[in-house]
Structure formats: structure tokens, C-alpha cells
Amino acid sequence: MPDKYHLRRSEKAIDARDEMLAIIGSAPHMTIAMCRDGNPYLVTLNHAFDRDRMCLYFHAAGEGKKMDYIRSSSEVWGQVVEDLGYIKGECDWAYRSVHFWGKTEFVTEDSEKRHALELLIDKLEPDAEATKRAQITEKSVAEVSIGKLSLQGFTGKQRLPSKG
């Protein structure tokens, strides 16, 4: 677990676990930071959150920089942000964010790959069932690379507009 830092502005903390998990689940994308040989790398990905398994799934090409970094070190730090827009007259931005850390691995079991793809499609597609029938085939499941980021912890912060 990373060193615990105190939030300097404690009134901005999101303390409710369910609220943080809801933000993670509803965010359209996440950004994860990785490191290899002392070199940082940051990438933004679409994802699906599995609350029962406490993990985030993402699909990836079988080879490339992201894959090399994750294979080098499975530990990642990530963030999701709910953009609530500019606050007129306050010269500030409203948001809710969750930072998380965990370990990433690549899914090898076809049943879990299929599960991850179904979650991704459910999140992204308006007609999920038709897309699942068209896209999730024995061949596509065998060929796809699925990352699984198992959450080990998270913290939340927000800046909400003033009321009134």
C-alpha cells in the first residue's frame, strides 16, 4: 500500500466507500500510471468495473508499450474524474475524483475474458445484447487481451459548486 498522506483540505474528502465505487463504475475512462526501469508512463483507457470482484477490466492489443510496462511491474496507480464543469464567478472547477492503486494482470481464462467483454459492452453500447452476439465469438475471446486491475485501495476528493 502506498504511504498514507493526509488530505490538506479535509472538507474536500469523499469518505463514503459506496460513493467512491459509484464514481469508479460510472466514469467513462480511467487513467493509469505505470513505471518501468524508473521511467513513468501514463495511459487513458475505457474500462468496466466489476464491483463483486473489486477490479477494473480493460482490453488491449497483445503487444505494445502498455503491455511491456505492465509485464515489467504489475503495480499501477490510477484515477477517474467526474467533470462537473466550470463554476462561474468562482474561477474554479467542480469535480469528483477517485485515486486508486492495485495490481494488474492479464486474464487467461476464456470464461473471465468473456465476462470482462460483456461488462465492457454493457457499459459502452446502447444495444448491448446485439453487440455481444456480434462481437463475442470463440475466436474474438481467444484473440483478445484483457487486463484486470485488482483494486487494493482508493481515496476520493471533490469540489462541488456552492449552494445558493
Legend entry - Approximate separation, where rounding is to 0.5 Å, of I32 CD1 and Y41 OH: 9.0 Å

Inset, instruction - Could you pull out the closest heavy-atom pair between R114 and V141, with the gap in Å? - result: NH2-CG2, 4.0 Å

Legend entry - Option passing side chain to side chain donor-acceptor pair (under 3.5 Å) with Y57 (candidates E112, K123, H115): E112

Inset, instruction - Under the side-chain contact (heavy atoms from CB on, under 4.5 Å) rule, what do L149 and F100 come out as? Steps first, then yes or no, please. - result: CA-CA 10 Å; L149 195 167; F100 52 85; 3.8 Å; yes

Legend entry - Any residue meeting ring pair (Phe, Tyr, Trp, His ring centres under 6.0 Å) with Y86, in chain and number order, not counting sequence neighbours: W93

Inset, instruction - Indicate yes or no: does R159 engage E90 in a salt bridge with an N to O separation below 4.0 Å. - result: yes

Legend entry - Verdict with reasoning, D127 to R133, per salt bridge (Lys or Arg N to Asp or Glu O under 4.0 Å): CA-CA 10 Å; D127 187 358; R133 286 190 300 276; 5.5 Å; no

Legend entry - Joint cluster assignment, V144 & M67, ILVMFWY side-chain distance < 4.5 Å: no

Legend entry - H47 (side chain) donor-acceptor with I24 (main chain) under 3.5 angstrom: yes

Inset, instruction - To the nearest 0.5 angstrom, please state how far the CD atom of E138 sits from the CD1 atom of I136. - result: 13.5 Å

Legend entry - Contact summary for I14 and S97, nearest pair of heavy atoms: CD1-O, 4.1 Å

Inset, instruction - Grab the two heavy atoms, one from G62 and one from S145, that are nearest each other, plus how far apart they are. - result: CA-OG, 3.4 Å

Inset, instruction - Please answer: with hydrophobic residues joined when any side-chain heavy atoms are less than 4.5 Å apart, are V43 and V81 in the same cluster? - result: no

Inset, instruction - Please answer: with hydrophobic residues joined when any side-chain heavy atoms are less than 4.5 Å apart, are L120 and F49 in the same cluster? - result: no

Legend entry - Rounded distance (nearest 0.5 Å) linking atom CD1 of I121 with atom NE2 of H59: 9.5 Å

Inset, instruction - Of all the heavy-atom pairs spanning H29 and T44, show the shortest one and how long it is. - result: ND1-CG2, 3.8 Å

Inset, instruction - Is it possible for you to check whether R17 lies under 6.0 Å from the centre of the six-membered ring of F154, through NZ or CZ, and within 45° of that ring's axis? - result: no

Legend entry - Presence of salt bridge, K113 and E109, under 4.0 angstrom: no

Inset, instruction - Dump the intermediate steps for side-chain contact (heavy atoms from CB on, under 4.5 Å) on Q158 and L84, then the final yes or no. - result: CA-CA 10 Å; Q158 63 188 352; L84 301 174; over 6 Å; no

Legend entry - NZ/NE/NH1/NH2 to OD/OE distance under 4.0 Å, E125 and K132: no

Legend entry - Heavy-atom closest contact (D122 atom, A128 atom, distance): OD1-CB, 3.5 Å

Legend entry - V76 side chain near M30 side chain, heavy-atom distance below 4.5 Å: no

Inset, instruction - Verify the neighbour count for atom CD of Q79: are there more than 12 heavy atoms of other residues, nucleotides or ligands below 6.0 Å? - result: yes

Inset, instruction - Show your reasoning for whether side-chain contact (heavy atoms from CB on, under 4.5 Å) applies to E75 and M34. - result: CA-CA 7 Å; E75 294 185 34; M34 303 160 276; over 6 Å; no

Legend entry - Heavy-atom closest contact (C55 atom, S150 atom, distance): CB-CA, 4.1 Å

Inset, instruction - State the CG-CG distance between D50 and L119, to the nearest 0.5 angstrom. - result: 5.5 Å

Legend entry - From CG (L151) to CG (L56), nearest 0.5 Å: 5.0 Å

Inset, instruction - Could you tell me whether D15 and K157 have a side-chain N and a carboxylate O separated by less than 4.0 Å? - result: no

Inset, instruction - Could you please spell out the steps behind the side-chain contact (heavy atoms from CB on, under 4.5 Å) verdict for V98 and T155? - result: CA-CA 6 Å; V98 177; T155 61; over 6 Å; no

Legend entry - S140 side chain to Q135 backbone, donor-acceptor under 3.5 Å: yes

Inset, instruction - Answer yes if the side chains of S74 and T104 hold a donor-acceptor pair under 3.5 Å, and no otherwise. - result: no

Inset, instruction - Give a yes or no on whether the backbone of G85 and the side-chain of D83 come within a donor-acceptor separation of less than 3.5 Å. - result: yes

Inset, instruction - Spell out, as yes or no, whether a donor-acceptor pair under 3.5 Å connects the side chain of S72 to the backbone of D68. - result: no

Legend entry - From CD1 (I87) to OH (Y95), nearest 0.5 Å: 9.5 Å

